[in-house]
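Sequential numbering from 1 along the given sequence is applied to the chain's residues.
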Amino acid sequence: MRRHQRADIHSITGQAAIYLSPVNVAEIRFGIELMTHVKKKQRAMGTCKRLRRKPLLRVTAETGETFGVIAAKLTKLGRSADFRIQDLWLAAQAVERNYTLLTANSKDFMDVPGLKVIEVPIPR
């Protein structure tokens, strides 16, 4: 697991494509809807719109199969109550495609078998 600054993302990915998941869109929009500070909410909406320019990964039957396998492995490891469903969908998409997951919450993914993770902190 590597930890990088936000400005390092381009140096990490180079010319490789960066994809967005519908799960990311849902989590981001959920957070925005709960914001009460108007200016912060407007900035966040702008960021969300920029992120939506990224290609969107689809959740497929294969993603569902991968999800089931990972969920079963985590359950056997005793983590069934510890992982979040949204994180498992993100992990399944990455594992299925052999992609690296960029996240600010690497601890949520630490036990996912076959998942490559790079931690990128979110600016506060």
Side-chain angles (χ1 to χ4, degrees):
M1 186 109 30
R2 298 177 293 176
R3 185 171 189 71
H4 296 277
Q5 296 302 311
R6 185 171 176 243
D8 295 331
I9 293 174
H10 181 71
S11 68
I12 295 165
T13 60
Q15 296 300 314
I18 297 176
Y19 297 94
L20 193 63
S21 169
V23 177
N24 299 123
V25 175
E27 288 185 327
I28 292 166
R29 191 56 191 245
F30 175 72
I32 290 170
E33 291 302 315
L34 294 178
M35 290 179 162
T36 57
H37 190 274
V38 175
K39 289 192 184 221
K40 286 183 181 180
K41 189 171 186 171
Q42 288 172 340
R43 278 195 305 269
M45 280 302 295
T47 300
C48 186
K49 286 179 183 175
R50 285 190 300 281
L51 283 173
R52 290 291 311 269
R53 295 182 197 147
K54 300 290 182 196
L56 192 67
L57 290 178
R58 297 208 179 267
V59 175
T60 64
E62 290 77 17
T63 312
E65 292 274 345
T66 304
F67 177 102
V69 169
I70 293 170
K73 286 180 181 178
L74 291 174
T75 299
K76 288 177 183 177
L77 291 172
R79 262 197 91 205
S80 61
D82 294 336
F83 63 80
R84 294 183 8 223
I85 296 300
Q86 296 90 328
D87 292 337
L88 193 52
W89 280 113
L90 293 170
Q93 285 184 298
V95 169
E96 170 194 359
R97 294 167 175 87
N98 197 30
Y99 288 171
T100 299
L101 182 75
L102 300 178
T103 181
N105 301 310
S106 60
K107 66 177 175 38
D108 293 340
F109 299 97
M110 64 184 178
D111 292 342
V112 177
L115 180 63
K116 298 176 285 189
V117 175
I118 296 176
E119 180 145 347
V120 181
I122 295 175
R124 302 276 174 205

How long is the span from the [atom1] atom in [X] to the [atom2] atom in [Y], to the nearest 0.5 Å?
X      : Y      : atom1 : atom2 : result
Arg79  : Leu74  : CZ    : CG    : 5.5 Å
Glu96  : Glu65  : CD    : CD    : 10.0 Å
Asn24  : Trp89  : CG    : CH2   : 14.0 Å
Thr103 : Glu119 : OG1   : CD    : 6.5 Å
Gln86  : Leu88  : CD    : CG    : 10.0 Å

Handout entry: Contact list for residues 25-38, test side chain to side chain donor-acceptor pair (under 3.5 Å), sequence neighbours left out
Key = Glu27-Arg84, Arg29-Glu33
Heavy-atom side-chain contact between [X] and [Y] under 4.5 Å:
X      : Y     : answer
Leu57  : Arg97 : yes
Gln93  : Pro22 : yes
Lys116 : Asn98 : yes

Exercise for the section: Could you pull out the closest heavy-atom pair between Ala94 and Leu115, with the gap in Å? Expected result: CB-CD1, 3.6 Å
Problem - Val112 versus Ala91, closest heavy-atom pair with distance - result: CG1-CB, 3.8 Å
In one Ile/Leu/Val/Met/Phe/Trp/Tyr side-chain cluster, 4.5 Å: [X], [Y]:
X     : Y     : value
Leu20 : Ile32 : yes
Leu56 : Val23 : no
Ile28 : Val38 : no
Val59 : Leu90 : yes
Tyr19 : Phe67 : no

Exercise for the section: Would you check if there is a donor-acceptor pair between the side chains of Thr63 and Thr60 at a distance under 3.5 Å? Expected result: yes
Handout entry: Arg58 atom CZ, over 12 foreign heavy atoms within 6.0 Å
Key = no
